[in-house]
Number of protein chains: 2
Amino acid sequence: MPEDRTHKVSCSSYVYEVEVAFEILSGKWIPLIVWTLSTEGTKRFGELRKIMPSVTQKMLTQQLRTLEKRGIVSRKVYPEVPPVVEYSLTEIGQKLLPILKEFNGWAKDYLSTRNAGKPSAD
Amino acid sequence: MPEDRTHKVSCSSYVYEVEVAFEILSGKWIPLIVWTLSTEGTKRFGELRKIMPSVTQKMLTQQLRTLEKRGIVSRKVYPEVPPVVEYSLTEIGQKLLPILKEFNGWAKDYLSTRNAGKPSAD
DNA sequence: CCGTATCCGTTATGATACTG
DNA sequence: CAGTATCATAACGGATACGG
């Protein structure tokens with residue numbers, strides 16, 4: 001197994017808790033995955049693949065497993081053939097949504113401010 | 001120059017703006033630096049070093065320059081001998097504080113929840 | 001359908017020494 | 001005081017092929 005960092009978050013050294021928050025949400029596709037599960041609700045693996053075609057299968061699996069270890073995502077396996085696996089946010093994971101929405105709003109503000117002085121392509 | 005990614009953020013491809021927000025705050029020490037400048041206000045380079053002794057000089061310089069390029073931090077140089085350089089948040093950078101506070105609160109909640117079922121060391 | 005294993009290039013970070 | 005340069009390594013991410 002590639003054994004990603006797994007960041008024993010609850011044991012990591014940190015000065016302010018905000019660092020823990022960003023550590024938990026670190027990973028190239030993690031914000032996108034959390035946002036998707038927040039706004040769309042429970043999804044199967046294949047559905048997530050369709051929604052996020054730019055994420056390779058390997059990365060989607062890996063980032064979901066990381067989120068599971070960090071306690072943000074819950075994984076439910078139905079022992080059928082062919083297999084069915086559903087992903088959803090845990091309770092603490094769901095509490096991220098309002099904050100992510102504000103962050104989203106901030107980024108819109110940021111982008112419009114940045115492009116304000118740039119008429120054409122930068 | 002090591003020429004960090006510099007992520008032409010305003011041109012990066014993204015599906016949701018929230019991804020841009022996380023991209024802007026990406027970097028091992030960036031959340032800590034932004035939080036510090038948010039809560040403590042304008043600081044000189046040497047002061048930041050004292051406040052964050054775990055950050056090497058190279059990394060502090062690099063992450064501050066990255067934040068400057070991304071438009072979050074403002075750098076003011078006083079042409080004196082010895083040199084004086086002050087760092088502060090830009091207007092858009094200051095707007096991050098309330099959101100970072102919420103992340104901080106969420107992380108406290110997260111950490112207490114995680115440690116709830118773990119009496120001793122993890 | 002939902003993964004894992006392997007290979008391998010790129011990026012991020014750190015140690016250390018030196019400078020206007 | 002506030003950086004730069006250089007070197008070395010580790011973490012991350014992507015392509016591809018295979019498996020229960």
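The chains referred to below are lettered A, B, ... by the order of the sequence lines, with proteins before strands, and numbering in each begins at 1.
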Please report the distance, rounded to the nearest Å, between CD in B:Glu80 and P in D:dG3. 14 Å
Whether the side chain of A:Tyr110 engages the backbone of B:Arg70 through a donor-acceptor N/O pair (distance < 3.5 Å, no angle test) should be reported. yes
How far apart are the closest heavy atoms of A:Arg75 and A:Tyr87, and which atoms are they? NE-OH, 3.2 Å
Measuring from the side chain of B:Pro83 (C-beta onward, heavy atoms only), which nucleotide among D:dC1, C:dG3, D:dA15 has the closest atom? D:dC1
Against the side chain of B:Lys58, the closest entry in D:dC7, C:dC1, D:dC1 is D:dC7
Which part of the nucleic acid, if any, lies within reach of A:Gln63 when heavy atoms closer than 4.0 Å are counted: base, sugar-phosphate only, or nothing? sugar-phosphate
Please give, in whole Å, the distance from C:dA15 P to B:Met59 CE? 11 Å
Take atom CG of A:Leu64 and atom P of C:dC1, then tell me their distance rounded to the nearest Å. 17 Å
Please report the closest heavy-atom contact between B:Gln63 and B:Lys28, naming both atoms and the distance. OE1-N, 3.6 Å
Need one value for B:Tyr87: base, sugar-phosphate or nothing, where a base atom within 4.0 Å counts as base even if backbone is also close, heavy atoms only. sugar-phosphate
In whole angstroms, how far is the P atom of D:dA2 from the CD atom of B:Glu86? 9 Å
A:Arg49 side chain N/O closer than 4.0 Å to the phosphate oxygens (OP1, OP2) of C:dG3? no
Mutual orientation of the aromatic rings belonging to B:Phe103 and A:Phe22 [parallel < 30°, tilted 30-60°, perpendicular > 60°]: tilted
Among C:dC2, D:dA15, D:dA2, which nucleotide has an atom closest to any side-chain atom of A:Arg44? C:dC2
Rounded distance in Å - CZ (B:Arg65) to C1' (D:dA5): 14 Å
Closest to the side chain of B:Gln62, out of C:dC2, C:dG20, C:dT13, is C:dT13
Note: for A:Gly27 and B:Lys50 on DNA chain D, the residue whose nearest nucleotide lies more 5' is B:Lys50
Intermediate values then yes/no, side-chain contact (heavy atoms from CB on, under 4.5 Å), B:Leu64 and B:Leu48: CA-CA 10 Å; B:Leu64 282 166; B:Leu48 291 173; 4.1 Å; yes
Here the distance between atom P of C:dT4 and atom CG of A:Leu60, to the nearest Å, is 11 Å
Options D:dC1, C:dC2, D:dA2, nucleotide nearest the side-chain atoms of B:Phe45: D:dA2
Rounding to a whole Å, what distance do you find between B:Lys28:NZ and C:dA15:C1'? 13 Å
Starting at atom CD of A:Glu47, determine the distance to atom P of C:dG3, rounded to an integer number of angstrom. 13 Å
Consider the side chain of A:Gln57, meaning its heavy atoms from C-beta on, and name the nucleotide among D:dT4, C:dG14, C:dG3 that approaches it most closely. C:dG3
